[in-house]
S.K.: 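Pasting a structure here, questions to come.
As a basis for the values below, the full set of heavy atoms in this structure was taken, side chains included, without hydrogen atoms, waters or symmetry mates.
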Amino acid sequence: MNNKEFIEELNKRNLSLADFFCLLNIWEDMNFADKEMTVRKLIEEEKKNDEH
């Protein structure tokens, strides 16, 4: 994904760059197990959204 696609994806999700960087800071402070759990949850939600 290039920068343009990334920004477009943030826009689709109504996520500002400020919110993105806030989430990035939170992500960097999380331990590996919490990151893994979060990614799995996001994948499940994406699959549910794709089904509808």
Side-chain angles (χ1 to χ4, degrees):
M1 177 179 295
N2 62 35
N3 289 341
K4 181 182 177 193
E5 291 170 337
F6 179 76
I7 299 296
E8 288 171 352
E9 188 66 25
L10 289 180
N11 190 35
K12 286 181 197 173
R13 296 173 187 271
N14 295 321
L15 185 65
S16 70
L17 283 176
D19 289 342
F20 167 77
F21 285 110
C22 180
L23 289 171
L24 181 61
N25 287 333
I26 292 169
W27 178 261
E28 290 175 344
D29 290 338
M30 292 170 69
N31 65 41
F32 181 80
D34 290 338
K35 287 179 180 179
E36 182 180 15
M37 181 178 60
T38 302
V39 169
R40 288 179 187 214
K41 181 68 176 172
L42 290 171
I43 290 170
E44 289 174 12
E45 288 179 11
E46 284 291 322
K47 286 180 180 178
K48 287 179 186 176
N49 289 338
D50 289 343
E51 292 173 356
H52 293 108

S.K.: Quick one: salt bridge (Lys or Arg N to Asp or Glu O under 4.0 Å) partners of Lys48, sequence neighbours excluded?
M.R.: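 Counting only residues at least two positions away or on another chain, Lys48 forms no salt bridge (Lys or Arg N to Asp or Glu O under 4.0 Å).
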
S.K.: When rounded to the nearest 0.5 angstrom, what is the spacing between OG in Ser16 and CG in Asn11?
M.R.: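 Ser16 OG to Asn11 CG: 10.5 Å, rounded to 0.5 Å.
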
S.K.: Would you check if Asn25 and Glu28 make a side-chain contact, meaning some heavy-atom pair closer than 4.5 Å?
M.R.: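 Yes, close enough: below the 4.5 Å cut-off.
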
S.K.: If you measure from the Lys or Arg side-chain nitrogens to the Asp or Glu carboxylate oxygens, is any gap between Glu44 and Arg40 under 4.0 Å?
M.R.: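 Looking at Glu44 and Arg40, the cut-off is not met.
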
S.K.: Show, in sequence, the C-alpha distance, side-chain angles and deciding distance for Arg13 and Glu9, and conclude whether the salt bridge (Lys or Arg N to Asp or Glu O under 4.0 Å) test is met.
M.R.: CA-CA 6 Å; Arg13 296 173 187 271; Glu9 188 66 25; 2.9 Å; yes

S.K.: Calculate, to the nearest 0.5 Å, the distance between atoms CD1 and NZ belonging to Ile26 and Lys35 respectively.
M.R.: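 Going from the CD1 atom of Ile26 to the NZ atom of Lys35 covers 12.5 Å.
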
S.K.: Are Phe32 and Met37 grouped together when hydrophobic residues (ILVMFWY) are joined by side-chain heavy atoms under 4.5 angstrom apart?
M.R.: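 The answer is no; the residues belong to distinct hydrophobic clusters.
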
S.K.: What's the separation between atom CG in Asp19 and atom CG in Asn14, rounded to the nearest 0.5 Å?
M.R.: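 If we round to the nearest 0.5 Å, Asp19:CG and Asn14:CG are 10.5 Å apart.
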
S.K.: Check for me, please, whether Ile43 and Trp27 land in the same ILVMFWY cluster - side-chain distances under 4.5 Å, paths through other members count.
M.R.: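 Looking at the clustering, Trp27 is in the same group as Ile43.
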
S.K.: How many angstroms lie between atom CG of Leu42 and atom CG of Asn49, to the nearest 0.5 angstrom?
M.R.: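 Atom-to-atom, Leu42:CG and Asn49:CG are 10.5 Å apart.
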
S.K.: Transitively linked via ILVMFWY side-chain contacts under 4.5 Å: Leu24 with Leu15?
M.R.: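 Yes; Leu15 is reachable from Leu24 via cluster members.
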
S.K.: Would Phe21 end up clustered with Leu23 when hydrophobic side chains under 4.5 Å apart are linked, directly or stepwise?
M.R.: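 Linked within one cluster.
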
